[in-house]
Amino acid sequence: MVSEISSSIAERLVLRYDAPSGRRVIAGKDVLLHCHHYNARLQRTVESADLVDGKRLLVGAAECVFAEHIDLALRAGDSLEVRWAVAERLYSHLGFGRLDLSRAAEGVIEASASHFVEGWFAGLGRPERMVCSFAEGYVQGAAYAVTGELVYVREVECMAQGAPKCRFVVERGRSEPVARNAKRPLAFRPRERGDWLRSPAIDEQAIIDALVAMPVEGGPDGLIPAFGVYLACMPADFYNRVCIGFLAEMRRVGRGPTAERLLAAEAEYCALNTYRGVMSSPEWDGLVAPMLRGPDDPLFAAMTFCNALGFGRWHIAGLEPGQWMIVESVNGYEAIGAREYLGATSTPHCNGHKGAAAGIFALIYGDGPLSERFGTFHTVEETCIACGDPVCRFRVERLG
Ligand SMILES: [Zn+2]
Ligand SMILES: [Zn+2]
């Protein structure tokens, strides 16, 4: 019985990869792979901005998106026990850690492994406060999807502060509704052809096929160690809600350009770390290294890797090795999300893509340790789908 339930849940969480769009879909939602550095740093950026209630933004985004995502994974006829099991399994499957929801009905919730705690340990030091805002929002969304009840979930002990487990309490009697993940219908056709550069040495399809076939899901501890980082499959909706909300709040208090810079910097840091891990991984050695012929082939291979991670598809449209490149993104999740949530933006919107492009370029062509490469390239987004342009076009240039 238990294994039957387990395989029924597993079958609901199978990854579907849509090759033309480069989207990864799990249980009806687009997800993308990001590392623990990015997720923890994004959280720190959003929550530490004094003039913005970043914690509320983060908890609210997790609650809203996972109330919907868990609901999409439920089936008519699931018992209450199975419904909680689905919520618990989705969390670990996506790589967020091990969350015990078996006694959630009694208000007892514990986590024994956490993607976000690992992210804090990896580079942000011991925090002054508990860090599991994401888990709080997730469980609030889960409670709503599983039982229909409105609750607040509050962490009372956190591994990031040395506790053996993260522990959460449930506060009942909440009247504030769970926000619906409302989007506008979007009829957008990504550009299918362009003046895009390719390396004849790099078999893009082979790289994509191998990455899509690679099992990227949490083990018994719900973590996904790969490429020297912990990966998580995060719904694009979560990033979009957090980043759009953060930008709006920061603009409201006159700090819009700072917010844009911060969001780009976190993505750059993540790209440097993740792609350094990718390029020293057995997967890279086995699959990509034998393809490499010319000095720019690592760049073409790295960009192909990106296209398997769920961000959308991008292409190199111009290159002066070591100096600059032009990248076109035909359906990046940030731009598509902006159109769905906001309709349109007056200025280019894709700060994460900007940072990632600069980070990858610095990794391929920069010198010295990563800390010295950070910030050596600058990206301008010249056109953006969020503003109504046909593609997002990024110019990456060496600074100074
Ligand atoms: Zn915690
Ligand atoms: Zn854009």
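Whatever order the structure lists ligands and atoms in, that order sets their numbers, starting from 1.
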**Prompt:** With no hydrogens and no angle check, is any side-chain donor or acceptor of Tyr144 less than 3.5 Å from a backbone partner on Val178?
**Reply:** no

**Request:** Compare all side-chain heavy atoms of Phe300 with those of Met303 and state whether any distance is below 4.5 angstrom.
**Result:** no

**Check: Trp284 ring centre within less than 6.0 Å of Phe227 ring centre** = no

**Request:** Could you tell me whether the side chains of Asp297 and Ser199 share a donor-acceptor contact shorter than 3.5 Å?
**Result:** yes

**the Zn ion (ligand 2): protein N, O or S atoms that are less than 2.8 Å away, sorted by chain** = Cys350 SG, Glu381 OE2, Cys384 SG, Cys392 SG

**Item:** Exercise: do Tyr365 and Asp296 side chains pair donor with acceptor under 3.5 Å
**Value:** yes

**Message:** Using ring centroids (six-membered ring only for Trp), state whether Phe121 and Tyr230 fall under 6.0 Å.
**Reply:** no

**Request:** Quick one: closest heavy-atom pair of Val65 and Lys29, and the distance?
**Result:** O-CE, 3.8 Å

**Request:** Around the Zn ion (ligand 1), list the protein N/O/S atoms within a radius below 2.8 Å, excluding water molecules.
**Result:** Cys132 SG, Glu155 OE2, Cys158 SG, Cys166 SG

**Prompt:** Taking the six-membered ring for Trp, are His115 and Phe134 ring centroids under 6.0 Å apart?
**Reply:** no

**Request:** Would you kindly say whether Arg41 and Thr45 are connected by a side-chain donor-acceptor distance under 3.5 Å?
**Result:** no

